[in-house]
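Chain letters run A, B, ... following the sequence lines, proteins first and then strands; every chain starts at 1.
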2 protein chains.
Amino acid sequence: MPNMSNDKAADASTLTPAQRHFIEELAVLLVPWGMPITAARLYGYLQLKEEPVSLDEIVAELEVSKSHVSTAARMLESYGNVRRLGERGTKRVLYVVGAHPGTPLIKQVTLLSQMSSLIARRKDAVASGKAADRLGRLADFHADLSRAMEGITTAERFQDPE
Amino acid sequence: MPNMSNDKAADASTLTPAQRHFIEELAVLLVPWGMPITAARLYGYLQLKEEPVSLDEIVAELEVSKSHVSTAARMLESYGNVRRLGERGTKRVLYVVGAHPGTPLIKQVTLLSQMSSLIARRKDAVASGKAADRLGRLADFHADLSRAMEGITTAERFQDPE
DNA sequence: TGACATATTCGGCATTTACCGAATATACAT
DNA sequence: ATGTATATTCGGTAAATGCCGAATATGTCA
C-alpha cells in the first residue's frame, strides 16, 4: 500500500482575488461554447501562466480533485486547446495553453460549413416555395459566416511567437 | 373534469423520410450552439413549413408530449428564433420561424465581444510578460471574430422578404 | 529488483436536464 | 354562467454529466 497521498495537495493558492475573478468570468463565457466549467477554469488559469504548470499546482489553485484535473486537462489537450509536456527524468506532466487562441472555437466553425452544405444540398428535396427560398438564404447565411470565421480562426497573426 | 384529451394527438406524420432525416441532421448541428435537441428539431421542422403550424400539428410530427412542445416553442420564441401567432376567435396558437436566420447564433456573437472586452480590460491586472502578451492577442482575436460575425448576423440580405 | 512519485482508471454519488402526464388555467362561444 | 378547446404549470422520473476518492498503473531512480 504505497503512498496514499492522493489528497488535494496543500492548498496554497497563489492566485490574487483579481485573478480568480478573471478566471471565473472567462470560464462562464467559455461554457456556452461547449466547454465544461472546470475545463474552462483550467484553460483560463493556464492563460495566466507564463510557464508550464504541473497537475498538483493546478489542483492547489483550482481546488478540484487531481483525478478530475487529469481528465479535464487531457480533454483540453485532445481539442488542441492545451499542450502537454513531459519532463525527462520524471513521470510528471506539465501543461501550457496551445499556440493558437482560436482552438476552442474551431469545432463551431466546422459546424457552420456543415450546416450550410447540408441545407444547400437538401433544400429542394425537403421544401418548396417560400420555405425553400428561406432555406436558400439560411444556407447562404451560414456559408458567409463560415468563411468569415474561418479566415480569422486560421490567421497566423494571433499565434504565439516562437 | 372536462375533456381529458391531453394525449398525443392522432399521430399522422405527413413528413417524408427525407424530411425527417433532414430535421434530424440539422438538429444535431444546432445542439452544440446550445439548443436542446427537441427545440432544435422543432426549429428545423418549422423551417420546412410555408405556413404557421399549431402545437397539435407539431406534437403529431415530432412525437413529443404537448406540454413539452409548448415549453420548447416558448423557449425558441424567447430567443427570437420563432414567432408566435395568435388567431382571433380561438385560444389556439401558431408558430413560424423568425424573419432572420441568424437568431440562433446571436447569443454566441455577443459572447465573443464580451470575451474580448473582458480580456482587454483585465489582462494587465492579472498577467504579465509573455502571458499578458498572449492575452492581448486573445482579446484581438475575439474582437476580430466578433466584428466579422456581427456584420453578417445583422445583414439584412438574409432576412425574410415581407 | 524494490521503493517512490506521479498519473490514470473506475465505481459511485450528487446535480442537472429533458421529458412525460395529470391537473389546472385561460380564452372563447353559446 | 357554463362548456369546450386549447395552452400551461407542476411534480416526478430517468438519463446524462461532473466530480470525488480509492485503487491501480506507470515511469524513474537507487
In whole Å, what is the span from the CD1 atom of A/Ile37 to the P atom of C/dT17? 12 Å

Using a cut-off of strictly less than 4.0 Å, decide whether B/Arg74 has a side-chain nitrogen or oxygen near OP1 or OP2 of D/dT8. yes

Is the shortest side-chain N to carboxylate O distance from B/Glu50 to A/Lys130 below 4.0 Å? no

Whole-Å distance between C/dT24 C1' and B/Lys91 NZ? 11 Å

Could you state the CD-P distance from A/Glu77 to C/dT8, rounded to the nearest angstrom? 9 Å

hbond_proxy B/Ser65 side chain to C/dG21 base (donor-acceptor, 3.5 Å cutoff): no

Do the side chains of B/Leu135 and A/Phe22 get nearer than 4.5 Å, heavy atoms only? yes

How many whole angstroms separate atom CD of B/Glu87 from atom C1' of D/dA7? 13 Å

Among D/dT6, D/dT8, C/dA7, which is the nearest nucleotide to the side chain of B/Ser70? D/dT8

At 4.0 Å (heavy atoms only), tell me whether A/Thr90 reaches a base, stays on the sugar-phosphate, or touches nothing. sugar-phosphate

Tell me whether the OP1 or OP2 atom of D/dC20 has a side-chain N or O from A/Ser67 closer than 4.0 Å. no

Hey, does A/Arg84 reach any base, or is it just sugar-phosphate, or nothing, if we go heavy atoms under 4.0 Å? sugar-phosphate

d(NZ, A/Lys66; P, D/dA22) in whole Å: 14 Å

Could you go through the side-chain contact (heavy atoms from CB on, under 4.5 Å) check for A/Arg157 and B/Arg137 one step at a time? CA-CA 8 Å; A/Arg157 65 181 179 282; B/Arg137 289 192 298 276; over 6 Å; no

Does A/Thr38 get its side chain close enough to the base of D/dG18, under 3.5 Å, for a donor-acceptor pair? no

Taking for each residue the nucleotide of DNA chain D bearing the nearest heavy atom, is the 5' side occupied by A/Met35 or by B/Val93? B/Val93

Atom NE2 of A/His68 and atom P of C/dG12: how far apart are they, to the nearest Å? 19 Å

Test side chain to side chain donor-acceptor pair (under 3.5 Å) on B/Arg74 and B/Ser70; report intermediate values, then the result. CA-CA 6 Å; B/Arg74 275 174 296 149; B/Ser70 171; 3.2 Å; yes

Shared ILVMFWY cluster between B/Leu105 and A/Trp33, side chains joined below 4.5 angstrom? yes

What is the distance, to the nearest angstrom, from the OH atom on A/Tyr95 to the C1' atom on C/dA7? 9 Å

Look at the side chain of A/Pro36 and decide which nucleotide, out of D/dA25, D/dT9, D/dG18, has an atom nearest to it. D/dG18

Rounded off to whole Å, could you give me the CG-to-P distance for the B/Leu55 and D/dT9 pair? 12 Å

